[in-house]
Number of protein chains: 2
Amino acid sequence: MNIGEIARLAGVSRSTVSYALSGRRTVSDETRKRIEQVIAQAGYRPNAAARALKEGRTRTLGLVIPPASQRLTDMQLGFVASVVEAAARADLDVLLSPSGGDHDRSFERVITGQRVDGVILMEIRLDDARVTRLQQAGLPFVTIGRTAHPENMSWIDVDYAGLIGRCVHHLADLGHRHVALINRSAELVAAGYGPSHRALTGFTDAATQRDLKGITVCCADDAAAGQACMEQLLTEHPQITAIATVNEAALPGVQRALDDAGLAVPRDFSITGVVAQHWAEDFRPPLTAADVPAHDIGARAVELLQQRIAEPDSAPRHLLMAPPIALRASTGPAAARIAGH
Amino acid sequence: MNIGEIARLAGVSRSTVSYALSGRRTVSDETRKRIEQVIAQAGYRPNAAARALKEGRTRTLGLVIPPASQRLTDMQLGFVASVVEAAARADLDVLLSPSGGDHDRSFERVITGQRVDGVILMEIRLDDARVTRLQQAGLPFVTIGRTAHPENMSWIDVDYAGLIGRCVHHLADLGHRHVALINRSAELVAAGYGPSHRALTGFTDAATQRDLKGITVCCADDAAAGQACMEQLLTEHPQITAIATVNEAALPGVQRALDDAGLAVPRDFSITGVVAQHWAEDFRPPLTAADVPAHDIGARAVELLQQRIAEPDSAPRHLLMAPPIALRASTGPAAARIAGH
DNA sequence: TTGTATGCGTTATCAT
DNA sequence: ATGATAACGCATACAA
């Protein structure tokens, strides 16, 4: 079923059908009614490929996600879901490309075959080959996260440095003198993953400012690693009375390690950090933490991208999100820590 | 940059470039070399829309996911990730459509605008309008999960009934006489969600067979609900000594409720069920449970769909996955339950 | 071994 | 207010 068939059934020309559909020129009420009826009855929809070929745009967005092999974090999943939802609201389709490294067939196909009008890139590194590739391809794109030098591109990011800094200040205000940062995995840090680096900077700077003793450790994204990490921290740094973290997946393990050590939160030990709301609320007690507005971020990324597509030469825009730190129940005054029962 | 430009730069006709690319007719070594060089230098890639229009296929698969509003479970996420990865391996792109209800613009656009060669449907209900729609559209599709009457369509599903049944038999073998099933949410059950219904059937049948007292409850997909649900269960049915569950997201709450009640697993209480491997291993102690091979399922779904696309008239295929129940540490002999400390 | 011509389904320009 | 037709970029049947 194509536009010619509809035209034949309605007894008009193809262009009339096209115009009746697009409304780009006036069609008499009578013929438009007839055409609409035929279309509804035949269940016709314009062929997307033909339209894309003619119009030079696909009404499709590319979304580059980390390779499926590594499980997505809840926060990453939140980005994906909200991007897809926001795109659907704008009648845009989303093409997924699981691409991590430099030369990826899926990535190349998406950006260079004119399959999409623009691309949203996630999990940006400080020095990211995909960004370079996108720039040289001249395809509109927006990043969730940002490179080391993101001045001339559009991005939206969470202010990890600022937020972790505020967490440290909050702990300092409560009298904590020895605090630790539980970061993401060492691999991610080595790969130049932005959030990890910026969290580290924010932590170190704030600790220096408040003259705290700050320990920083890397931790893989799972409960087992979180437990091992927390246990080691308690053993090797007995003076520590609080942690800040950007590693939500480690939290269940952190909780176990504290339980096992007989440490109650927040009486004996305080926890804060930057994590998806769901993790903060599922912790016991609920975490004092910056809730990353993943849903909002995805929607904003789509908006930014739509603007870059509409006006490729307009000035790039930057959105640095610094959500408030929700005061819940996991932080309290520092107490000298006693080794558990 | 299009094929005509490449032809001009290489000093040949467009068809020669096309054939050099596709290999569907012999091109002299010399000219092919020259063409390849020009292509590499210009960074040319065939326009996907033009190719799709000409060939009548898009090399793209549609993946219909639940609307983003409701958080995806880890298992659902596993399906998505593995589908995308498997498709990428086969040089196929994946178009995401977040569609739940009957009339969804995104869904209609994807299936009726010839945007994809086939569709993978997730979160199938026993009576599913999207399946009906896909059948009448005549578009190849495969479902992860199955309807009440899935005979003449291709699907891949987890044998919830059989697996939960085996869990119950396992508990019965250990001497448990009063057991409960923690199902998914009441809304899902009311909507005719297959896994919930089949888990219920499997549970009830096995309980009857072994002459057990079986309690079944619904529970929303989060830790808080799990905790409330488990607390209520302990209060209202003090004889219960074990549960089986298909609700992985409720597990952290279940654990808390047991902790709070002073019940040790598996000494005082046994837990088993069907959950993603990650949840089973993160539980403490690790869960005796059927590990759903989400990764495998996504890959198989892509295979099935490729076959339906290649031979639309071939007989539909069905894959009912019944992974072994991994014996870990969360089930043990029944003991009379004593109300906690 | 290579070139020419046609059509895929649409939208838009030109003509009536 | 409507119709005929060209063009988007590609793959392929047909010619040479």
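Numbers restart at 1 for each chain; the letters A, B, ... are given by sequence-line order, proteins then strands. All values derive from a computational prediction rather than experimental measurement.
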(request) Find out whether B:L63 and B:I120 are in side-chain contact, i.e. whether some heavy atom of one side chain is under 4.5 Å from a heavy atom of the other. (result)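 Touching, per the 4.5 Å side-chain cut-off.
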(request) Taking the side chain as every heavy atom from C-beta outward, state whether A:L95 and B:V94 have any pair of such atoms under 4.5 Å apart. (result)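 Heavy-atom side-chain distance check fails, nothing below 4.5 Å.
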(message) So for the helix from C:dT1-D:dA16 to C:dT16-D:dA1, with five pairs setting each end axis, what is the inter-axis angle to 10°?
(response)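 Comparing the first five pairs with the last five, the axes sit 50° apart.
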(message) Under 4.0 Å, heavy atom to any atom of DNA chain D: which of residues 26-49 of chain B qualify?
(response)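 Listed by number, they are B:Y44, B:P46, B:N47.
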(message) Give the residues of residues 4-12 of chain A touching DNA chain D, defined as any heavy atom closer than 4.0 Å, sorted by residue number.
(response)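 Per residue number, the list reads A:G11, A:V12.
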(request) Scan residues 9-18 of chain B for pairs that pass side chain to side chain donor-acceptor pair (under 3.5 Å), counting only residues two or more places apart or in two chains. (result)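 Sorted result for residues 9-18 of chain B: B:S13-B:S15, B:S13-B:T16.
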(request) Grab the CZ-C1' distance between A:R24 and C:dT13 for me, whole Å please. (result)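 So the two atoms are 13 Å apart, to the nearest Å.
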(message) Of all nucleotides in DNA chain D that come within under 4.0 Å of a heavy atom of chain A, which is furthest toward the 5' end and which toward the 3' end?
(response)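 From 5' to 3', the first and last contacting nucleotides are D:dA1 to D:dG9.
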Output a table of donor-acceptor pairs, distance under 3.5 Å, between side-chain atoms of residues 109-119 of chain A and any protein atom two or more places apart or on a different chain; print 'none' if there are none.
{"from": "A:R109", "atom 1": "NE", "to": "B:D93", "atom 2": "OD1", "distance (Å)": "3.3"}
{"from": "A:R109", "atom 1": "NE", "to": "B:D93", "atom 2": "OD2", "distance (Å)": "3.4"}
{"from": "A:R109", "atom 1": "NH1", "to": "B:D91", "atom 2": "OD1", "distance (Å)": "3.0"}
{"from": "A:R109", "atom 1": "NH2", "to": "B:D93", "atom 2": "OD1", "distance (Å)": "2.9"}
{"from": "A:R115", "atom 1": "NE", "to": "B:D93", "atom 2": "OD2", "distance (Å)": "2.4"}
{"from": "A:R115", "atom 1": "NH2", "to": "B:T58", "atom 2": "O", "distance (Å)": "3.2"}
{"from": "A:R115", "atom 1": "NH2", "to": "B:T60", "atom 2": "OG1", "distance (Å)": "2.4"}
{"from": "A:R115", "atom 1": "NH2", "to": "B:D93", "atom 2": "OD2", "distance (Å)": "3.3"}
{"from": "A:D117", "atom 1": "OD1", "to": "A:T58", "atom 2": "N", "distance (Å)": "2.7"}
{"from": "A:D117", "atom 1": "OD1", "to": "A:T58", "atom 2": "OG1", "distance (Å)": "3.0"}
{"from": "A:D117", "atom 1": "OD2", "to": "A:T58", "atom 2": "N", "distance (Å)": "3.2"}
{"from": "A:D117", "atom 1": "OD2", "to": "A:R59", "atom 2": "N", "distance (Å)": "2.8"}

(message) Could you check whether any side-chain N or O of B:R308 sits under 3.5 Å from a backbone N or O of B:P312, counting only pairs where one atom can act as donor and the other as acceptor?
(response)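 Yes.
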(request) Determine the contact category for A:R25: base if any of its heavy atoms lies under 4.0 Å from a base atom, sugar-phosphate if only primed atoms, P, OP1 or OP2 are that close, otherwise nothing. (result)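 Touches a base.
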List in chain and number order the residues that pass salt bridge (charged side-chain N to carboxylate O under 4.0 Å, His left out) with [X], two or more places apart in sequence or in another chain; answer none if no residue qualifies.
{"X": "A:R32", "result": "A:D29, A:E36"}
{"X": "A:R8", "result": "A:E5"}
{"X": "B:R25", "result": "none"}

(message) Can you tell me if A:R51 touches the phosphate of C:dT11, counting only side-chain N or O atoms and a distance under 4.0 Å to OP1 or OP2?
(response)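 For A:R51, the contact criterion (side-chain N or O under 4.0 Å from OP1 or OP2 of C:dT11) is met.
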(message) When you measure from the side-chain N and O atoms of B:S15 to the phosphate of C:dG3, is any distance below 4.0 Å, counting only OP1 and OP2?
(response)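 Negative; the distance criterion is not met.
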Got more than 12 heavy atoms from elsewhere within 6.0 Å of [atom1], [X]?
{"X": "A:R317", "atom1": "CZ", "value": "no"}
{"X": "A:Q41", "atom1": "CD", "value": "no"}
{"X": "A:E151", "atom1": "CD", "value": "yes"}
{"X": "B:Q37", "atom1": "CD", "value": "no"}

(message) Assess whether a salt bridge exists between B:D128 and B:R130, defined as any Lys/Arg side-chain N lying under 4.0 Å from an Asp/Glu carboxylate O.
(response)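 Salt bridge present between B:D128 and B:R130.
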(request) Not counting sequence neighbours, which residues clear side chain to side chain contact (heavy atoms under 4.5 Å, CB included) with A:D296? List them please. (result)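 Partners of A:D296 under the side chain to side chain contact (heavy atoms under 4.5 Å, CB included) test: A:P293, A:R300, A:M321.
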(request) Applying side chain to side chain contact (heavy atoms under 4.5 Å, CB included), name anything that partners B:N152, two or more places apart in sequence or on another chain. (result)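 Listed in chain order: B:Q135.
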If you restrict it to nitrogen or oxygen atoms, what contacts under 3.5 Å exist between nucleotides 6-8 of chain C and the protein, and what is each distance?
{"from": "C:dG7", "atom 1": "N2", "to": "B:K54", "atom 2": "NZ", "distance (Å)": "3.2"}

